[in-house]
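This report concerns only the one structure given below.
Since we're looking at a predicted model, the values are computed, not measured. FYI, the numbering just counts along the sequence from 1.
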Amino acid sequence: MCHGTCINHYFVSPIRSASAVRSRGKRCVTTGCSHLVEECSTRTWSKPLTAVAGVAGPVVVALGKFDGMHQGHRLLAQQAASSGSPFLLSFSGMAEVLGWPARLPLVAPSDRARVLASWTSHCQGRTPRQRYIPFAMVRTLSPEAFVKTLVEDLQISGIVVGQNYRFGYKAAGDSKLLQALGEAHGIHVDIVDLVGAGPGSVMGQVSSSKIRSALNQGRMQQVAESLGRPYRLVADISPDFGRPGSTVLRSTC
C-alpha cells in the first residue's frame, strides 16, 4: 500500500518511478511489489491468462488504454467480473510506435495495483488484474487476427469494451464487429455504455482526456468525480525539499 501525505486532493509519496519495473527480459514481470499488474516482453506477451485461484468462471478481459482508471474503466471491470475472473488488457509502447509525444500516465505505475484493489468491492469481491502487452506485437493485426489471438493464445472466454472501442490495424474494427467476431469464435462480447461523471457534474461523459484537462485547470473536485476517488500524485521528493529555490517534486504520474 502506498503511504503519503494528503495535500488537498493530492497524495504525495516518495516512491520512485523506478519501482515500476518494465520488462526487458524473457518473461512477464509485475510492477512494484504486486501481482496485480504485469508488463510482458515481446517473447511472452501471448502466454495464456489464468483465472485467480478460487474464483469461479472463465477469464474475461476488458479492453482499453486504461490511462486514467476512471469510473468508466471501473464499470468495464465490474462487467468482466460479473462473468468470471476479470482482467484489464492494454498496450505498452504505443507512443513510441506511433510517434506520439511522450507523456506521463494519469495513474503512476506504482499506484495502479492500489486502484485495482480498491475496485474489489465493486467487482463482486474479485480483484481485477491488468496485463500490458507490447503494442508493436499487435499493431499490424487485422481485427479478425486480433480476436483470434485473444481466443487461441491468451485463451480468454469473454470480452468487455466501451461502445466507442476501436481495434485492429488502423482502428479498422468497432464494437459491433467485435461482437460478430466474438460470436464466430464462441465467446460473448459485452458492449458497455459510456459513463457520466455524475449528477450535476460539468464533465459530461468521463474520459481520460477530460480528466487531464481538468487537472491542468486545477478543477480537482471534478477530477475526483470522474475518477471515483481523490486524485493521487506520485512523485520523487528532492533531497533539497524545503530549501529556497529547490525543486521540490518531480512528478511520476
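Residues M94 and L150 fall within the same hydrophobic cluster, defined by Ile, Leu, Val, Met, Phe, Trp and Tyr side chains chained together at heavy-atom separations under 4.5 Å. Note: the hydrophobic cluster containing V97 also contains L89 (ILVMFWY, side chain heavy atoms under 4.5 Å, direct or indirect links).
The two residues V195 and L75 make their nearest non-hydrogen contact at CG2-CD2, 3.4 Å. Of all heavy-atom pairs spanning S85 and R129, the tightest one is OG-NH2, 4.2 Å. In terms of heavy atoms, W45 sits closest to T42 at CD1-O, 3.2 Å. Of all the heavy atoms in A214 and V223, the pair that sits closest is CB-CG2, 3.6 Å. Looking at every heavy atom in both residues, L36 comes nearest to P128 through CD2-O, 4.1 Å. Closest approach of P86 and A77 over heavy atoms only: CB-O, 4.0 Å.
Under the side-chain contact (heavy atoms from CB on, under 4.5 Å) criterion, T120 pairs with T127, sequence neighbours left out. Partners of R139 by salt bridge (charged side-chain N to carboxylate O under 4.0 Å, His left out), not counting sequence neighbours: none found. Every residue was checked against the side-chain hydrogen bond (donor to acceptor under 3.5 Å, both in side chains) condition with T140, not counting sequence neighbours, and none meets it. Taking S118 as the reference, V115 meet the side-chain contact (heavy atoms from CB on, under 4.5 Å) condition, with sequence neighbours excluded. With sequence neighbours excluded, the residues satisfying side-chain hydrogen bond (donor to acceptor under 3.5 Å, both in side chains) with S209 are S207. Qualifying side-chain contact (heavy atoms from CB on, under 4.5 Å) partners for A145, counting only residues two or more places apart in sequence or in other chains: L141, S142. Not counting sequence neighbours, the partners of S90 by the side-chain hydrogen bond (donor to acceptor under 3.5 Å, both in side chains) test are Q130. Residues passing the ring pair (Phe, Tyr, Trp, His ring centres under 6.0 Å) test with H73 are F66, H70, sequence neighbours excluded.
Between the CG atom of L49 and the OG atom of S157 there is a distance of 10.0 Å, given to the nearest 0.5 Å. Separation of atoms CD1 (I159) and CD (Q79) is listed at 13.0 Å; rounding is to 0.5 Å. Rounding to the nearest 0.5 angstrom, the gap separating the SG atom in C40 from the OH atom in Y132 is 12.0 Å. Expressed to the nearest 0.5 Å, how far OG of S226 lies from CD of Q221 amounts to 10.0 Å. The CG atom of L106 sits 9.0 Å away from atom CZ of R112, with the distance rounded to the nearest 0.5 Å. Within the model, atoms CG of L227 and CG of L215 stand 7.5 Å from one another, a figure rounded to the nearest 0.5 Å.
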N/O donor to acceptor pairs below 3.5 angstrom from side-chain atoms of residues 162-172, sequence neighbours left out:
{"unit_1": "Q163", "atom_1": "NE2", "unit_2": "D193", "atom_2": "OD1", "d": "3.1"}
{"unit_1": "R166", "atom_1": "NE", "unit_2": "A171", "atom_2": "O", "d": "3.2"}
{"unit_1": "R166", "atom_1": "NE", "unit_2": "G173", "atom_2": "O", "d": "3.4"}
{"unit_1": "R166", "atom_1": "NH2", "unit_2": "A171", "atom_2": "O", "d": "2.9"}

Can you give each donor-acceptor pair under 3.5 Å made by side-chain atoms of residues 176-186, sequence neighbours left out, with the distance rounded to 0.1 Å?
{"unit_1": "Q179", "atom_1": "NE2", "unit_2": "V189", "atom_2": "O", "d": "3.4"}

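Side-chain contact between F87 and L154: absent, with no pair of heavy atoms (C-beta onward) separated by less than 4.5 Å. Looking at heavy atoms from C-beta onward, K47 lies in side-chain contact with R131 at the 4.5 angstrom threshold. At least one side-chain heavy atom of I191 sits less than 4.5 Å from a side-chain heavy atom of V161. Within the 4.5 Å cutoff, the side chain of R229 has heavy atoms near those of the M69 side chain.
Ring orientation note: the planes of F91 and F146 are tilted relative to one another, at an angle of 30° to 60°.
Side-chain contact check for R126 and Q124: no donor-acceptor pair (N or O, by modelled atom type) lies under 3.5 Å.
For the salt bridge (charged side-chain N to carboxylate O under 4.0 Å, His left out) condition, the pairs that include at least one residue of residues 61-79, sequence neighbours left out, are D67-R212. Contacts classified as side chain to side chain donor-acceptor pair (under 3.5 Å) and involving residues 145-155 (residues at least two apart or in different chains) are not found.
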